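I have placed the structure first, in the form of structure tokens, so that the comments after it can refer back to it.
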Amino acid sequence: MSPRPSPATAWLSAATVVATVATAGSLWFSLGLGLVPCDLCWYQRILMYPLVVVFGVATVERRPAVWRTALPLVAVGLPLAAYHSYLQATLAQCTVGGPCATVQWQSPLVGLTVPNLSLVAFGLLAVALVGLRGRL
């Protein structure tokens with residue numbers, strides 16, 4: 001029987017999976033479904049995509065101190081996704097440029113939109129960063 005991974009490795013692995021699923025999902029929305037990302041979607045992608053590499057490398061190297069590297073990306077992505085979700089819930093037009101308030105896709109099961117999914121992903125990554133910080 002192999003030894004159980006350390007809690008830090010579990011947090012790193014979970015963060016890597018979340019960032020990878022979020023990145024793959026955003027690519028599926030644009031390449032698979034043909035949805036055109038708005039400006040706020042692009043900013044969230046710019047913040048999420050590098051996290052796949054950051055957390056992936058940190059998982060392989062078993063470096064829980066990576067929270068310092070990932071924190072700025074998550075700290076900007078989380079409120080940006082929250083703002084985008086707020087725009088979709090309250091406005092019909094976006095002042096940032098592009099159709100930021102337009103709901104292009106909505107989950108048939110739970111009703112989440114693309115910015116809501118981004119908010120969930122950044123929220124889960126924030127939880128993982130807190131978990132990693134507690135393991136140092």
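It should be emphasised that the depicted structure is a prediction, and the values quoted were computed from it without experimental measurement. Values below: all heavy atoms of this structure, side chains included; hydrogens, waters and symmetry mates excluded.
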Rounded to the nearest 0.5 Å, what separates atom [atom1] in [X] from atom [atom2] in [Y]?
| X | Y | atom1 | atom2 | value |
| --- | --- | --- | --- | --- |
| Leu129 | Thr69 | CG | OG1 | 10.0 Å |
| Thr113 | His84 | OG1 | NE2 | 7.5 Å |
| Ser30 | Leu35 | OG | CG | 8.0 Å |
| Phe29 | Arg45 | CZ | CZ | 9.5 Å |

Who else is in [X]'s hydrophobic cluster (ILVMFWY, side-chain heavy atoms under 4.5 Å, direct or via others)?
| X | value |
| --- | --- |
| Val60 | none |
| Val57 | Val53 |
| Val52 | none |

Partners passing side chain to side chain contact (heavy atoms under 4.5 Å, CB included) against [X] (at least two apart in sequence or in another chain):
| X | value |
| --- | --- |
| Leu73 | Leu47, Pro50, Leu51 |
| Ala126 | Val74, Leu78 |
| Ala81 | Gln44, Ser118, Leu119, Phe122 |

Linking I/L/V/M/F/W/Y whenever any side-chain heavy atoms sit under 4.5 Å apart, do [X] and [Y] land together?
| X | Y | answer |
| --- | --- | --- |
| Val54 | Leu125 | yes |
| Val21 | Leu117 | no |
| Leu112 | Leu33 | yes |

**Item:** Side chain proximity check, Phe55 to Leu132, heavy atoms < 4.5 angstrom
**Value:**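 A side-chain contact exists here, since the closest heavy-atom pair is under 4.5 Å.
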**Request:** Please examine the side chains of Leu87 and Leu40, heavy atoms only from C-beta on, and report whether any two atoms are closer than 4.5 Å.
**Result:**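 Yes, their side chains come closer than 4.5 Å.
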**Prompt:** Which residue pairs satisfy the side chain to side chain donor-acceptor pair (under 3.5 Å) criterion with at least one member in residues 12-26, sequence neighbours excluded?
**Reply:**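 Residue pairs with at least one partner in residues 12-26: Thr16-Thr59, Ser26-Tyr49.
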**Item:** Non-neighbouring partners of Arg63 that pass salt bridge (Lys or Arg N to Asp or Glu O under 4.0 Å), sequence neighbours left out
**Value:**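 Only Glu61 meet the salt bridge (Lys or Arg N to Asp or Glu O under 4.0 Å) criterion with Arg63.
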